[in-house]
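Each remark here refers to the structure printed beneath this line.
Hydrogens, waters and symmetry mates are skipped; everything else that's a heavy atom, side chains included, is used.
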Amino acid sequence: SDHKIKVWDKDPASGKWKCTAEWKAHQAPVWKLVWAHPEYGQLLASCSFDRTVVIWEDRGRQGTGGAAPSALPPSDSTVRAPFQMKGSRLDFNQAVNDIAFSPRHVGLQLAAATNDGFVTVYEFIDVMDMAQPRVTKFEASKKGATAIAWSSARFCVPMIVVGTSEGSVNIWGYSDTFRRWQRLFDLVGNGHSDTVHDVAWAPDIGRSSHVIASCSKDRTLRVWNIDKEQTNPSTPGDSKSRELVATQVLTEHNAEVWRVQFNVTGTTLASSGDDGTVRVWKQDVSNKWTLDGMISGERFARPQGGASD
């Protein structure tokens with residue numbers, strides 16, 4: 001809420017994390033930070049309640065993470081701000097709730113979800129000149145788009161999952177034929193009853209279905225499975241939306257659930273909530289997600305009967 005961004009690097013000698021950059025980035029609280037794929041350089045995007053999205057470029061810390069300890073600033077030094085503004089998108093009518101860079105194979109694109117219910121996608125054709133992106137947008141909700149995540153599947157059309165203020169979760173795909181985003185699925189069966197705080201799309205690692213997780217103000221997580229055959233490249237021309245049912249509802253959190261994230265293989269799921277815990281879930285042999293452990297403060301505890309280390 002101090003309107004600042006801080007970047008931390010791990011000292012390879014001591015193993016401690018040190019703040020290596022700090023600057024005032026917005027005129028209101030910063031909601032979200034995301035890194036672009038390193039192929040495009042050290043690009044960091046931020047969004048805020050001040051209705052702006054800013055892309056920052058690291059021009060003074062390249063290689064810091066692997067530098068010698070002497071290259072890191074001492075803990076009592078003044079932390080400088082080597083990040084410079086690369087581009088700013090100021091054309092939003094409402095607060096920006098979430099942002100997400102696209103996977104590498106899609107190119108450099110940034111999606112932004114706003115309180116007016118729209119998702120705006122910026123495609124940067126020239127990384128050196130980010131002032132003139134190609135812009136597409138779609139209305140995902142009448143009340144507000146609150147969370148977004150891209151699909152990493154290389155052999156499907158570009159897809160984004162969107163969570164909304166009214167509790168719905170929808171999947172949108174980009175049609176090259178019509179040059180616009182089209183709604184492919186409504187994830188409403190056995191869905192959320194309140195605002196969706198976060199969505200996550202599991203990495204595409206050889207599985208036959210897409211796996212999406214969502215969490216909500218209703219104190220639950222939900223997991224959705226979508227057969228890849230239903231999202232092959234021939235389907236975006238069909239504007240008919242299909243309703244899908246959540247394959248699993250996880251209710252172990254005792255408060256609002258704010259964040260959900262898969263690991264790099266999509267086999268482990270982590271969630272955090274207002275109950276002060278981070279819960280770790282794993283898939284069993286029947287593809288059901290079960291609680292594998294819980295982190296509260298400095299403690300990590302496994303449930304009785306949980307998997308061994």
Side-chain angles (χ1 to χ4, degrees), residues 1-10 15-19 22 25-26 28-35 46-49 95-100 113 115 144-149 161 163-167 169 190-203 211-224 246-284 288-309:
S1 60
D2 60 2
H3 312 171
K4 293 182 178 180
I5 294 174
K6 294 183 180 181
V7 178
W8 302 74
D9 280 282
K10 189 175 182 179
K16 295 181 178 180
W17 290 88
K18 294 185 177 181
C19 183
E22 177 182 355
H26 290 275
V30 180
W31 290 148
K32 187 75 175 287
L33 300 172
V34 291
W35 292 97
S46 60
C47 69
S48 169
F49 187 72
V96 185
N97 294 320
D98 198 7
I99 50 177
N115 258 354
T146 55
I148 52 178
V161 59
T164 69
S165 295
E166 61 264 37
V169 180
N190 201 21
H192 292 290
S193 60
D194 212 326
T195 301
V196 176
H197 288 319
D198 199 14
V199 291
W201 203 309
V211 181
I212 292 171
S214 58
C215 63
S216 168
K217 187 177 180 180
D218 66 10
R219 303 186 173 194
T220 69
L221 284 81
R222 280 168 165 73
V223 180
W224 317 79
T247 54
Q248 196 170 353
V249 180
L250 305 172
T251 60
E252 279 77 357
H253 276 284
N254 298 312
E256 289 187 44
V257 190
W258 284 94
R259 288 291 178 264
V260 62
Q261 185 64 54
F262 289 97
N263 69 342
V264 294
T265 59
T267 56
T268 300
L269 180 66
S271 60
S272 63
D274 276 346
D275 57 358
T277 68
V278 175
R279 296 175 186 263
V280 180
W281 314 82
K282 287 192 175 181
Q283 263 185 318
D284 61 21
K288 293 292 183 182
W289 293 90
T290 58
L291 185 63
D292 184 62
M294 181 178 69
I295 302 170
S296 180
E298 296 298 324
R299 286 181 49 218
F300 177 80
R302 292 190 184 277
Q304 291 186 351
S308 58
D309 290 331

Q) Between A202 and G266, which heavy-atom pair has the shortest distance, and what is it? A) CB-CA, 4.3 Å
(Q) Could you report the tightest heavy-atom contact between T146 and D98, atom names first, then the distance? (A) O-CB, 3.7 Å
Q) Who pairs with H197 by ring-ring contact (aromatic ring centres under 6.0 Å, His included), at least two apart in sequence or on another chain? A) W258
(Q) Any non-hydrogen side-chain atom of L269 less than 4.5 Å from a side-chain atom of L221? (A) yes
Q | Least distance between heavy atoms, S216 atom then T195 atom | A | OG-O, 2.8 Å
Q. What's the spacing between H253 NE2 and D218 CG if we round to 0.5 Å?
A. 12.0 Å
Q) Taking all non-hydrogen atoms of both residues, which atom of E252 and which atom of W281 are closest, and how far apart? A) OE1-CH2, 3.2 Å
Q | CD on Q248 to OG1 on T220, rounded to 0.5 Å | A | 11.5 Å
Q: To the nearest 0.5 angstrom, please state how far the CG atom of D292 sits from the CG atom of D284.
A: 11.0 Å
Q. How many angstroms lie between CG in D198 and CD1 in I148, if you round to the nearest 0.5 Å?
A. 10.5 Å
Q.
If the threshold is 4.0 Å, N to carboxylate O, is there a salt bridge linking R279 and D275?
A. yes
Q. K32 versus S46: any side-chain heavy-atom pair under 4.5 Å?
A. no
Q) Passes salt bridge (Lys or Arg N to Asp or Glu O under 4.0 Å), D2 versus K6? Steps please. A) CA-CA 11 Å; D2 60 2; K6 294 183 180 181; 5.1 Å; no
**Q.** D274 side chain to E256 backbone, donor-acceptor under 3.5 Å
**A.** no
